[in-house]
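When reading the values below, keep in mind they use all heavy atoms of this one structure, side chains included, and skip hydrogens, waters and symmetry mates. This chain uses plain numbering: 1 for the first residue, then up along the sequence.
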Amino acid sequence: MDEKAFLDDLRRRFPHEPEYIQAVEEVVSSIADIYDRYPAFKRVNLLERLCIPDRIISFRVSWVDDHGNVRNNMGYRVQHNNAIGPYKGGIRFHSSVNLSILKFLAFEQTFKNSLTTLAMGGAKGGSDFSPRGKSDMEIMRFCQAFVNELWRQIGPDTDVPAGDIGVGAREVGYMFGWYKKMTREFTGTFTGKGLDFGGSLVRPEATGYGNVYFLLNMLATRGISLEGKRVAISGSGNVALYTAQKLLELGAKVVSLSDSDGSVVIPEGLTQEMFDEVFELKTLFRGRISEFAEKHADVCEYYRRERPWRHVKADIAMPSATQNELDADDARALLEGGCIAVSEGANMPSTPGAIREFQAARILYAPGKAANAGGVSVSGLEMAQNSQKLTWSAEEVDNRLREIMADIHAQCVRYGKEDGSDYVDYLRGANTAGFLKVARAMMAQGVV
Ligand code: NDP
Ligand code: 8G0
């Protein structure tokens with residue numbers, strides 16, 4: 001394959017979509033060899049069909065704020081690929097949302113969902129609406145206006161949205177409510193629902209817990225124990241908090257958290273009491289990390305508008321906020337501090353330069369599409385429970401989550417182990433394993 005020509009063409013056609021091009025470039029460089037090994041792929045131009053989304057739905061969302069002003073936001077759903085199952089992926093509400101970001105996320109989702117072993121295609125959606133500072137009723141009206149545009153395009157066997165940044169149980173509840181009203185059907189079209197109306201136990205915890213399970217699998221390949229290890233986390237949302245919770249349970253030290261205003265570093269590690277407090281602050285009161293840092297100024301440092309990486313000494317990093325939040329300089333600072341493993345909770349948090357640093361240093365590095373796949377996996381289990389009209393116990397879901405993460409780890413090792421050494425390139429492994437399943441399904445289904 002002429003990798004350069006392919007990417008140049010994509011850049012020419014989508015000149016204002018850097019995140020999308022970044023995600024495609026990373027996958028294409030991983031799979032180029034295997035793609036060339038099967039000439040049948042090229043004959044049907046599989047790569048281009050796999051990289052360009054099946055369809056993009058975009059719309060204006062008009063809603064009325066609490067002062068009676070009419071406000072307009074953009075809404076999108078990128079249905080990337082449904083070769084192995086219905087489109088599946090979260091909805092993001094954040095001021096930074098644009099098509100480039102949603103296209104990269106939908107593209108990544110396709111490979112991630114393939115790794116989960118469940119039948120789900122890839123999609124992502126969202127809006128440049130910012131929930132920050134909005135009242136509960138404004139959030140509700142926005143969610144209703146958003147779904148009013150989208151409801152015809154989704155369904156339990158068509159496309160199943162969920163939460164993501166800025167979209168949690170509250171927003172999923174409002175979206176599900178409006179969807180149910182429009183369709184007059186009670187179906188499992190959204191995941192991440194409340195427990196009383198079809199949600200799955202362990203879905204809120206799944207991404208963070210799953211990432212820790214993946215990390216444990218990686219550490220085991222080098223005979224390293226998690227106990228007592230210092231772990232730097234970024235973010236303080238759904239993924240970051242449940243990652244921290246599981247780490248504390250397993251005896252690791254959580255030495256940082258952050259939000260979009262800044263980072264808190266806790267050199268001696270969060271205590272359980274401090275964790276309970278930050279959990280309540282973030283989930284119940286929608287407070288800021290700066291408030292927490294101020295209250296615990298005796299044991300914490302706060303870095304306004306900065307990410308944690310250059311300020312912590314950590315054995316392990318688990319970036320869990322957003323894309324491109326850890327660059328090459330951050331990676332070098334982490335490595336100098338003795339970092340031995342990076343397991344990504346967020347989607348594409350490390351820049352290509354940072355990934356090169358980690359891989360050159362031969363530390364354990366797991367890309368988000370493998371390490372954070374626990375979230376969408378339990379969403380898949382939520383879909384299974386909804387179609388069975390049954391709910392499984394927390395233990396059952398957690399056990400399946402552990403099995404799925406171990407399976408994803410095994411796929412990464414199988415396709416990522418370098419010849420003649422023990423080193424595992426988890427990025428190459430995840431991309432290759434994710435690609436092969438989707439590619440086989442696309443080949444079997446013809447040009448559609
Ligand atoms: P939340 O909205 O619950 O939390 C996001 C956290 O990241 C918040 O602390 C937020 O700070 C911070 N953040 C968001 N955007 C930025 C930014 N541009 N710069 C700095 N900080 C930022 O989202 P999630 O925890 O659900 O998602 C975090 C990441 O994990 C995303 O990349 C998401 O795609 C990915 N992911 C999520 C899954 C899930 O199940 N939820 C599954 C797999 C991946 P603030 O509070 O200030 O906004
Ligand atoms: O449940 C989901 O489909 C979902 C929600 C939020 C994020 C993700 C992801 O895998 O990035 C999936």
Side-chain angles (χ1 to χ4, degrees), residues 14 16-20 23 52-66 68-82 86-110 121-156 158-183 185 187-193 237-238 260 322-323 347 376 379:
F14 307 106
H16 306 297
E17 300 184 352
E19 292 88 358
Y20 168 62
I52 298 178
D54 287 355
R55 79 185 56 74
I56 299 174
I57 299 139
S58 78
F59 44 91
R60 171 173 50 76
V61 186
S62 293
W63 57 283
V64 182
D65 72 18
D66 286 346
N69 303 309
V70 177
R71 311 269 292 259
N72 300 305
N73 288 98
M74 286 307 297
Y76 308 95
R77 184 75 178 164
V78 179
Q79 296 180 332
H80 189 86
N81 185 293
N82 65 352
Y87 299 111
K88 175 84 196 91
I91 300 266
R92 178 176 292 191
F93 292 165
H94 192 270
S95 53
S96 63
V97 163
N98 58 37
L99 252 192
S100 174
I101 290 176
L102 295 181
K103 279 176 69 177
F104 113 65
L105 288 163
F107 174 79
E108 289 277 291
Q109 197 77 52
T110 301
K124 200 82 184 189
S127 172
D128 56 4
F129 169 79
S130 170
R132 207 167 159 180
K134 303 291 191 300
S135 73
D136 196 53
M137 286 299 103
E138 287 178 323
I139 300 275
M140 184 185 77
R141 287 194 295 275
F142 178 80
C143 288
Q144 293 179 341
F146 183 85
V147 171
N148 213 31
E149 286 299 320
L150 192 61
W151 70 274
R152 288 170 207 277
Q153 319 284 348
I154 58 180
T158 308
D159 183 353
V160 183
D164 190 66
I165 292 179
V167 179
R170 174 180 63 168
E171 291 75 14
V172 169
Y174 290 149
M175 288 195 277
F176 176 76
W178 196 256
Y179 178 80
K180 190 190 65 176
K181 186 178 174 75
M182 298 313 288
T183 57
E185 279 176 357
T187 59
T189 297
F190 283 81
T191 62
K193 300 183 292 296
N238 171 275
S260 47
T322 193
Q323 63 278 352
N347 287 306
V376 76
S379 277

For residues [X] and [Y], determine if any side-chain heavy atom of one lies less than 4.5 Å from a side-chain heavy atom of the other.
{"X": "Pro161", "Y": "Ile154", "result": "yes"}
{"X": "Asp159", "Y": "Arg77", "result": "yes"}
{"X": "Asn69", "Y": "Val64", "result": "no"}
{"X": "Asp54", "Y": "His80", "result": "no"}
{"X": "Val97", "Y": "Leu102", "result": "yes"}
{"X": "Gln79", "Y": "Ile57", "result": "yes"}
{"X": "Pro86", "Y": "Thr158", "result": "no"}
{"X": "Phe59", "Y": "Leu150", "result": "yes"}

| What do the steps show when you test Lys103 against Glu17 for salt bridge (charged side-chain N to carboxylate O under 4.0 Å, His left out), and what is the final call? | CA-CA 8 Å; Lys103 279 176 69 177; Glu17 300 184 352; 2.6 Å; yes
| Between Tyr174, Phe93, Trp63, which is the residue that forms a ring pair (Phe, Tyr, Trp, His ring centres under 6.0 Å) with Phe146? | Phe93
Distance from [X] atom [atom1] to [Y] atom [atom2], nearest 0.5 Å?
{"X": "Cys143", "Y": "Glu138", "atom1": "SG", "atom2": "CD", "result": "12.0 Å"}
{"X": "Lys124", "Y": "Leu99", "atom1": "NZ", "atom2": "CG", "result": "14.5 Å"}
{"X": "Trp178", "Y": "Trp151", "atom1": "CH2", "atom2": "CH2", "result": "11.0 Å"}
{"X": "Phe176", "Y": "Lys181", "atom1": "CZ", "atom2": "NZ", "result": "14.0 Å"}
{"X": "Arg55", "Y": "Tyr87", "atom1": "CZ", "atom2": "OH", "result": "4.0 Å"}
{"X": "Met182", "Y": "Glu149", "atom1": "CE", "atom2": "CD", "result": "10.0 Å"}

| query | Taking atom NZ of Lys134 as the centre, does the number of heavy atoms from other residues, nucleotides or ligands within less than 6.0 Å exceed 12? | reply |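 It does: Lys134 NZ has more than 12 such atoms within range.
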If you take all heavy atoms of [X] and [Y], which pair is closest and at what distance?
{"X": "Ser62", "Y": "Ala145", "answer": "O-CB, 3.5 Å"}
{"X": "Gly163", "Y": "Val172", "answer": "N-CG2, 3.8 Å"}
{"X": "Lys88", "Y": "Gln109", "answer": "O-CG, 3.3 Å"}
{"X": "Thr110", "Y": "Asn81", "answer": "CG2-CB, 3.7 Å"}

Any side-chain to backbone donor/acceptor pair from [X] onto [Y]? Under 3.5 Å, distance only.
{"X": "Glu108", "Y": "Leu105", "value": "no"}
{"X": "Ser127", "Y": "Met74", "value": "yes"}
{"X": "Ser100", "Y": "Glu19", "value": "yes"}

| said: One pair to check against salt bridge (charged side-chain N to carboxylate O under 4.0 Å, His left out): Arg92 and Asp128. What are the steps and the verdict? | reply: CA-CA 8 Å; Arg92 178 176 292 191; Asp128 56 4; over 6 Å; no
| remark: The side chain to side chain donor-acceptor pair (under 3.5 Å) partners of Tyr76 (sequence neighbours excluded) come to none
| task | Assess the pair Phe142 and Phe129: is the distance between their ring centroids shorter than 6.0 Å? | result | yes
| field | Ser130 and Ser95 side chains, donor-acceptor separation under 3.5 Å | value |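 No, no side-chain donor-acceptor contact under 3.5 Å.
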| said: Suppose the criterion is salt bridge (Lys or Arg N to Asp or Glu O under 4.0 Å): which pairs have a residue in residues 167-176, not counting sequence neighbours? | reply: Asp136-Arg170
